[in-house]
Participant: 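I have a structure I would like to understand better, so I am pasting it below and will then ask my questions one at a time.
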Amino acid sequence: ISLPKTFDYSVALKERSMGNKLGMIGLGKMGLALARQMMADGHELYGYDIDPIRMEMLKDEGGTPCASAKEVAEHCDITMSILLAMDHIEENTIGPNGIVRADNPPSIHVEMSTMVPDLHIGLAEKLAAQGIDMLDAPISGSHDKVDRRIITFMVGGKDEAYARVRPILEPLGADASHTGPSGSGSTMKVVTNLFVNSTMALLAEMILVGERAGLSHDVMKHCLSKGSVQGSMLENTAPRVFARDFAPRGAVEIFVKDMGIAIDLAKEHGIDLAVVPAARKMFQRAEAAGWGKDDAGRVIEVYEGKDKA
């Protein structure tokens, strides 16, 4: 974790206390939750989403909806985006109505989506040509963790840009780490997802085998919490899988996408993964069953054969 030698945190904190005009492009569950917390920190928030319902929700929270990413950028010196696909990101950054088309483009753009690192690096180069410093700052944690401020940010990009956004990001979660140059935040997120996504499938296998072998949920919960598998996944995720609670936190379709990114990144570096592709097939079956929007814990029903019912 690095900090620029010239970084004066006291000045940054003073700037934070004054509030910033921030833009959020993408008002899905994560984007809207982040916008809400930023406004709670005293920042003025402008936002854009293709879904008018999400725009109305931002307005109800106290933010200002805009007609395009370009319009968001007209109001803000720092813009952010969290979107599902790279073409959506490019459309809202370098596209005809993207942030680069604003009369006064932002000086910094923080791209929070989980994407292939090389794509983030390429976008950063294109934005730099337009005078905009981009940080890739993907998030570990679901939207409910945003509300509890226990997410983490992994931030790649220039030291100076990180110094500017650090006092905005840090209060939003448990940690905001500068991981290195452009693309390194994305790489760290892919590596994190490689573990988290595969562990979800393993968690489902563990619970189902224990159930079928006659262990009670109470016995499993107690013994697992005291043994070598204790940790965040067991504490936060296992209870929902035990209860078959599939209200979406991390959706099946997101797991499929993110595991595909991890597989591709590994291949780029000469690594033929075995565990991740096998786990991904189970999530793909869940998606094919029509459960793409459900929580990824629903993969346990694939193991139970319910996707074929």
Participant: Checking side-chain contact (heavy atoms from CB on, under 4.5 Å) for the pair M112/V110: CA distance, chi angles, key distance, verdict?
Facilitator: CA-CA 6 Å; M112 298 177 171; V110 185; 4.0 Å; yes
Participant: Is the backbone N or O of I271 less than 3.5 Å from a side-chain atom of H269, with the two atoms forming a donor-acceptor pair by type?
Facilitator: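 Side chain of H269 to backbone of I271, a donor-acceptor pair under 3.5 Å: no, none is there.
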Participant: Identify, with sequence neighbours excluded, every residue that meets side chain to side chain donor-acceptor pair (under 3.5 Å) alongside D51.
Facilitator: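 Partners of D51 by the side chain to side chain donor-acceptor pair (under 3.5 Å) criterion come out as none, since no residue qualifies.
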Participant: Is there side-chain contact between M134 and H120, with heavy atoms separated by less than 4.5 Å?
Facilitator: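 Touching, per the 4.5 Å side-chain cut-off.
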Participant: Nearest 0.5 Å please: distance from the CE atom of M259 over to the CG atom of L194.
Facilitator: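 So the CE of M259 and the CG of L194 are separated by 7.5 Å.
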Participant: Do side-chain atoms of S225 reach the backbone of H222 as a donor and acceptor pair under 3.5 angstrom?
Facilitator: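 Checking the backbone N and O of H222 against the side chain of S225, a donor-acceptor pair under 3.5 Å is found.
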Participant: Just so I know, are the side chains of D41 and L172 near enough to count as touching, which here means a heavy-atom distance under 4.5 Å?
Facilitator: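 SC-SC contact between D41 and L172 confirmed.
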Participant: A side-chain contact here means heavy atoms from C-beta on lying under 4.5 Å apart; do Q230 and E235 qualify?
Facilitator: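 Q230 does not reach E235 side chain to side chain.
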Participant: Less than 4.5 Å apart, side chain to side chain, heavy atoms only: is that true for R54 and Y48?
Facilitator: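 Contact flag for R54/Y48 side chains = no.
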Participant: With hydrophobic residues grouped by side-chain heavy-atom distances under 4.5 Å, do V196 and I150 end up in a single group?
Facilitator: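 They do not share one cluster, since no chain of ILVMFWY contacts under 4.5 Å joins V196 to I150.
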Participant: Please determine whether the number of non-hydrogen atoms from other residues, nucleotides or ligands lying under 6.0 Å from atom CG of D272 exceeds 12.
Facilitator: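 No - once you tally the heavy atoms of other residues, nucleotides and ligands closer than 6.0 Å, there are 12 at most.
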Participant: Mind checking whether S182 and D136 have side chains closer than 4.5 Å, heavy atoms only?
Facilitator: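 Contact flag for S182/D136 side chains = yes.
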Participant: Taking all non-hydrogen atoms of both residues, which atom of G156 and which atom of S184 are closest, and how far apart?
Facilitator: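 Closest pair (atom of G156, atom of S184, distance): CA-OG, 3.6 Å.
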Participant: If we ignore angles and hydrogens, is there a donor and acceptor under 3.5 Å between the side chains of S113 and E111?
Facilitator: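 Yes, side-chain donor-acceptor contact under 3.5 Å.
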Participant: Once side-chain contact (heavy atoms from CB on, under 4.5 Å) is applied, do any residues pair with N97, and if so which ones, sequence neighbours excluded?
Facilitator: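 If we apply the side-chain contact (heavy atoms from CB on, under 4.5 Å) test to N97, skipping adjacent residues, the hits are S68.
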Participant: Taking C-beta and beyond as the side chain, do T64 and L45 meet within less than 4.5 Å on heavy atoms?
Facilitator: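 No, too far: nothing below the 4.5 Å cut-off.
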Participant: What verdict does the side-chain contact (heavy atoms from CB on, under 4.5 Å) test give for S140 and M154, after you've listed the backbone C-alpha separation in whole Å, the side-chain angles of each residue and the deciding distance to 0.1 Å?
Facilitator: CA-CA 8 Å; S140 180; M154 296 151 276; 3.7 Å; yes
Participant: Carefully, step by step, assess I168 and N20 under the rule side-chain contact (heavy atoms from CB on, under 4.5 Å).
Facilitator: CA-CA 9 Å; I168 297 169; N20 294 274; 3.8 Å; yes
Participant: Measure the CD1-CG distance between I82 and L34 for me, rounded to the nearest 0.5 Å.
Facilitator: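 Reported to 0.5 Å precision, the distance equals 6.0 Å.
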Participant: Ignoring hydrogens and angles, state whether a donor on the side chain of D258 or T114 is under 3.5 Å from an acceptor on the partner side chain.
Facilitator: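 Side-chain D/A pair, D258 to T114: absent.
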Participant: Quick test of your reading of the model: are E304 and K306 salt-bridged, counting only N-O distances below 4.0 Å?
Facilitator: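 Counted as a salt bridge, because a side-chain N and a carboxylate O are separated by less than 4.0 Å.
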Participant: Which atom names give the shortest non-hydrogen contact between V146 and Q37, and what distance separates them?
Facilitator: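 It is O-CG, 3.8 Å.
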Participant: Any link between I254 and L27 through a network of hydrophobic side chains (Ile, Leu, Val, Met, Phe, Trp, Tyr) touching at under 4.5 Å?
Facilitator: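 No.
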Participant: To check you understand the geometry: which heavy-atom pair defines the closest contact between D103 and E74, and what is its length?
Facilitator: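 Residues D103 and E74, closest heavy atoms: N-OE2, 3.0 Å.
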Participant: Quick one: are V241 and F246 in side-chain contact, heavy atoms under 4.5 Å?
Facilitator: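 Sidechains of F246 and V241: no contact.
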Participant: With rounding to the nearest 0.5 angstrom, report the CG to OH distance, L169 to Y162.
Facilitator: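 So the gap between those two atoms works out to 7.5 Å.
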Participant: What pair of heavy atoms forms the shortest contact from P105 to I99, and how long is it?
Facilitator: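 Reported closest heavy-atom pair: CB-O, 3.9 Å.
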Participant: Do R164 and D77 sit within salt-bridge range, that is, some charged N less than 4.0 Å from a carboxylate O?
Facilitator: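 So R164 pairs with D77 through a salt bridge.
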Participant: Do any side-chain atoms of residues 200-220 form donor-acceptor pairs under 3.5 angstrom with protein atoms, and if so which ones, sequence neighbours left out?
Facilitator:
{"residue": "E205", "atom": "OE2", "partner": "Y303", "partner atom": "OH", "Å": "2.7"}
{"residue": "E211", "atom": "OE1", "partner": "R244", "partner atom": "NH2", "Å": "2.8"}
{"residue": "E211", "atom": "OE2", "partner": "H217", "partner atom": "NE2", "Å": "2.7"}
{"residue": "E211", "atom": "OE2", "partner": "R244", "partner atom": "NH1", "Å": "3.0"}
{"residue": "E211", "atom": "OE2", "partner": "R244", "partner atom": "NH2", "Å": "3.4"}
{"residue": "S216", "atom": "OG", "partner": "V219", "partner atom": "N", "Å": "3.0"}

Participant: So, is the end of the K221 side chain (NZ or CZ) under 6.0 Å from the ring centre of F242 and within 45° of the ring's axis?
Facilitator: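 Cation-pi check for K221 and F242: passes.
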Participant: With L83 as reference, evaluate I89, T93, D49 under the side-chain contact (heavy atoms from CB on, under 4.5 Å) test and give the passing residue.
Facilitator: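 Looking at I89, T93, D49, the match for L83 under the side-chain contact (heavy atoms from CB on, under 4.5 Å) is I89.
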Participant: Can you find a pair of side-chain heavy atoms, one from W291 and one from D307, that are under 4.5 Å apart?
Facilitator: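 They are in side-chain contact.
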Participant: Should the pair Y46 and H75 be assigned to parallel (<30°), tilted (30 to 60°) or perpendicular (>60°) ring geometry?
Facilitator: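 Parallel.
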Participant: Drop me the distance from R249's CZ to S142's OG, to the nearest 0.5 angstrom.
Facilitator: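 Output value for this atom pair is 7.5 Å.
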Participant: With no hydrogens and no angle check, is any side-chain donor or acceptor of T179 less than 3.5 Å from a backbone partner on G185?
Facilitator: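 Yes.
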Participant: For M30 and I139, what are the C-alpha separation, side-chain angles and deciding distance, and is it a side-chain contact (heavy atoms from CB on, under 4.5 Å)?
Facilitator: CA-CA 9 Å; M30 289 295 288; I139 299 164; 3.9 Å; yes
Participant: Give the cluster check for I132 versus I121: same hydrophobic cluster or not, with ILVMFWY residues linked at side-chain heavy-atom distances below 4.5 Å.
Facilitator: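 No: no chain of side-chain contacts under 4.5 Å links I132 to I121.
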Participant: So which heavy atom on D147 is nearest to which on A33, and how close?
Facilitator: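 D147 and A33 have their closest heavy atoms at OD1-CB, 4.0 Å.
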Participant: To the nearest 0.5 Å, what is the distance between CD1 (I53) and CG (L58)?
Facilitator: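 Reported value, rounded in 0.5 Å steps: 14.0 Å.
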Participant: Looking at D87, I'd like to know if its CG atom is crowded, meaning that more than 12 non-hydrogen atoms belonging to other residues, nucleotides or ligands lie closer than 6.0 Å.
Facilitator: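 It does: D87 CG has more than 12 such atoms within range.
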Participant: Kindly give the heavy-atom pair with the smallest separation between A286 and V252, and that separation in Å.
Facilitator: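 Nearest pair, atom of A286 first, then V252: CB-CG1, 3.9 Å.
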Participant: Under 3.5 Å, is there a donor-acceptor pair between the side chain of H178 and the main chain of G157?
Facilitator: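 Yes, the answer is positive, given that a donor and an acceptor are paired below the 3.5 Å cut-off.
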Participant: Hydrophobic cluster membership, with links at side-chain heavy-atom distances under 4.5 Å among I/L/V/M/F/W/Y: are L273 and V116 in one?
Facilitator: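 Not linked; separate clusters.
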Participant: So, taking the atom named CG in L135 and the one named CZ in R166, what distance separates them when rounded to the nearest 0.5 Å?
Facilitator: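 Going from the CG atom of L135 to the CZ atom of R166 covers 13.5 Å.
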Participant: Is it true that I78 and V100 fall in one hydrophobic cluster, defined by side-chain heavy atoms closer than 4.5 Å?
Facilitator: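 Yes, I78 and V100 fall within the same hydrophobic cluster.
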Participant: Take H109 and S81 through the test side-chain hydrogen bond (donor to acceptor under 3.5 Å, both in side chains) and record every step on the way to the result.
Facilitator: CA-CA 8 Å; H109 182 68; S81 57; 2.9 Å; yes
